[in-house]
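In what follows, every heavy atom counts, from backbone to side chain, and hydrogens, waters and symmetry copies are set aside.
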Amino acid sequence: MGALAKHIRMVDWLLIVPILLVMSVGLVTNFPVEGFSSGSLFFKQLIFCGIGVGILFFFSMNTYTILKGPFVSSILFLVGVFLLVAVLLFGQEINGAKSWFLFGPIALQPVEFVKIILIVVLARYFASRHIHIHHIRHVLVSLVLAGTVFLLVFKQPDLGSSVILLAIWAGMIFVSGVSKKHIVVLLLCAVAGSLLAWQFMPDYQRQRVLSFAAPLENLQSSGYTAYQSKIAIGSGDLLGKGIGAGTQSKLGFLPLYESDFVYSAFAEEWGFVGVGLLFLLYAIIGWRLLWHAAYGRTNFETLFAIGVFVFLFSHIVLHVGVTTGIFPVTGITLPFMSYGGSHLIAETLAVAMVLGMSRLQVSGGLLSSSQV
């Protein structure tokens, strides 16, 4: 218990507290109109949050130096590919995507953990080749690694997670030191790839994109949810309608308000002021992750922390963009806030790993409070 108490005292509370506050806000937003019950989404999310808090503290006690081993990242990548292939073959289709394993009442979405695996693999690859990173072959190899998991997730089809995987790759390669001309070439390839992906996109996802381009023409079908989302956000006004008083969300006009559109439900009940405070909490989380990246002991720790930053904030940008009508509708969760266990456990695990790597021995001891 002494080691645990010392660990709790030394933890980066500037990172942990905002995460706990966002979790709490998510719980309040998901509190059901009919009140507390053991079968409600609120009760299930409360359990997920409890597991997430435990992960934040206990998994941050490891330094994860094993991940720098020559074969560990390769094994993890193979495990990730295996899980994605297995879910395509044996997974359960939910909301049009075959992305879940069902174990009785427990549902597991493997792509959430594959995102962490991809961060580990890319951090290990770039860190071990930083001297010769300017060679185009390293860009291409990293693209093959990311492209493999991207295609498997796109096949499910899970467009939102596919975009997140590409964002992780793009963000990490941008800071890895590759040639800027290679980045320009990659951007052109991304445009070409998007046009190609359109040809293989399922019809319902094409309709979502078309609804984004002409939102008022499909209000009774594919454009309904996006339209209701914007109504909910706009009706929040300055101070919101109050906790539990959201009409669009709580009265059933806004589907999936607890997960894919939780930002809309929150904005409706908390208003512009509440949204500003939420963004402030996310900004603090981002600042602390970048701080840990800046003070990483090696390139691996730095790249991993940056990968986690991109992972979380690409989720935030895409989720808010979808709910406000900036992007086409792609089912994507809001970190630490949306209902669901797989994404919350993966997010807290990723942050815990960053904290653990930052607790490597420095000058014979743990990071002091003055360094945090």
Side-chain angles (χ1 to χ4, degrees), residues 3-4 6-23 52-68 72-73 76 112-113 115-128 130 164 167-177 279-317 335-336 343-372:
L4 179 59
K6 182 179 180 181
H7 172 72
I8 292 176
R9 288 196 306 270
M10 299 296 293
V11 76
D12 184 359
W13 289 102
L14 287 175
L15 176 57
I16 296 294
V17 169
I19 291 175
L20 298 181
L21 290 175
V22 174
M23 284 185 184
V53 171
I55 288 173
L56 276 174
F57 287 102
F58 286 100
F59 279 80
S60 60
M61 297 180 71
N62 193 354
T63 59
Y64 299 98
T65 53
I66 189 175
L67 297 178
K68 299 180 183 181
V72 175
S73 61
L76 285 175
E112 298 298 338
F113 303 95
K115 293 169 186 175
I116 301 179
I117 290 175
L118 180 62
I119 294 172
V120 171
V121 170
L122 292 179
R124 171 71 175 82
Y125 185 84
F126 291 138
S128 62
H130 65 280
I164 299 299
I168 291 171
W169 171 76
M172 295 183 69
I173 202 170
F174 184 79
V175 299
S176 65
F279 286 161
L280 177 61
L281 293 175
Y282 278 130
I284 296 173
I285 294 171
W287 162 54
R288 295 311 296 169
L289 288 173
L290 291 178
W291 184 93
H292 286 289
Y295 289 92
R297 191 179 186 189
T298 67
N299 286 339
F300 177 81
E301 283 84 9
T302 293
L303 287 167
F304 182 84
I306 290 174
V308 173
F309 171 85
V310 175
F311 162 38
L312 296 178
F313 278 80
S314 57
H315 262 273
I316 295 171
V317 171
F336 311 114
H343 79 88
L344 183 60
I345 290 173
E347 290 154 4
T348 51
L349 176 60
V351 172
M353 291 174 70
V354 171
L355 291 172
M357 292 177 188
S358 295
R359 297 178 68 83
L360 289 169
Q361 296 296 319
V362 179
S363 301
L366 293 174
L367 291 175
S368 67
S369 58
S370 63
Q371 290 173 295
V372 176

- Message: Less than 4.5 Å apart, side chain to side chain, heavy atoms only: is that true for I119 and I306?
- Response: no
- Task: Check whether any side-chain N or O of T63 sits under 3.5 Å from a backbone N or O of G356 as a donor-acceptor pair, and report yes or no.
- Result: no
- Can you name the side-chain contact (heavy atoms from CB on, under 4.5 Å) partners of L349, sequence neighbours left out? I55, F59, I116, M353
- List in chain and number order the residues that pass ring pair (Phe, Tyr, Trp, His ring centres under 6.0 Å) with H343, two or more places apart in sequence or in another chain; answer none if no residue qualifies. none
- Query: Does any non-hydrogen side-chain atom of P335 lie less than 4.5 Å from one of I316?
  - Reply: yes
- Task: Could you tell me whether the side chains of T298 and K68 share a donor-acceptor contact shorter than 3.5 Å?
- Result: yes
- Note on the structure: Across all chains, not counting sequence neighbours, the side-chain contact (heavy atoms from CB on, under 4.5 Å) partners of L76 are L67, V72, I117, V120
- Query: Just by distance, do the side chain of Y64 and the backbone of E301 share a donor-acceptor pair under 3.5 Å?
  - Reply: no
- Would you say R124's side chain and S73's backbone share a donor-acceptor pair under 3.5 angstrom? no
- Query: Looking at residues at least two apart in the chain, or sitting in another chain, which of them share a ring pair (Phe, Tyr, Trp, His ring centres under 6.0 Å) with F311?
  - Reply: H315
- Report the residues that fulfil ring pair (Phe, Tyr, Trp, His ring centres under 6.0 Å) with F313, sequence neighbours left out, ordered by chain and then residue number. F309
- Query: Who are the salt bridge (charged side-chain N to carboxylate O under 4.0 Å, His left out) partners of E347, not counting sequence neighbours?
  - Reply: none
- Message: Tell me every residue that passes side-chain contact (heavy atoms from CB on, under 4.5 Å) with V53, counting only those two or more places apart in sequence or in another chain.
- Response: L20, M23, F57
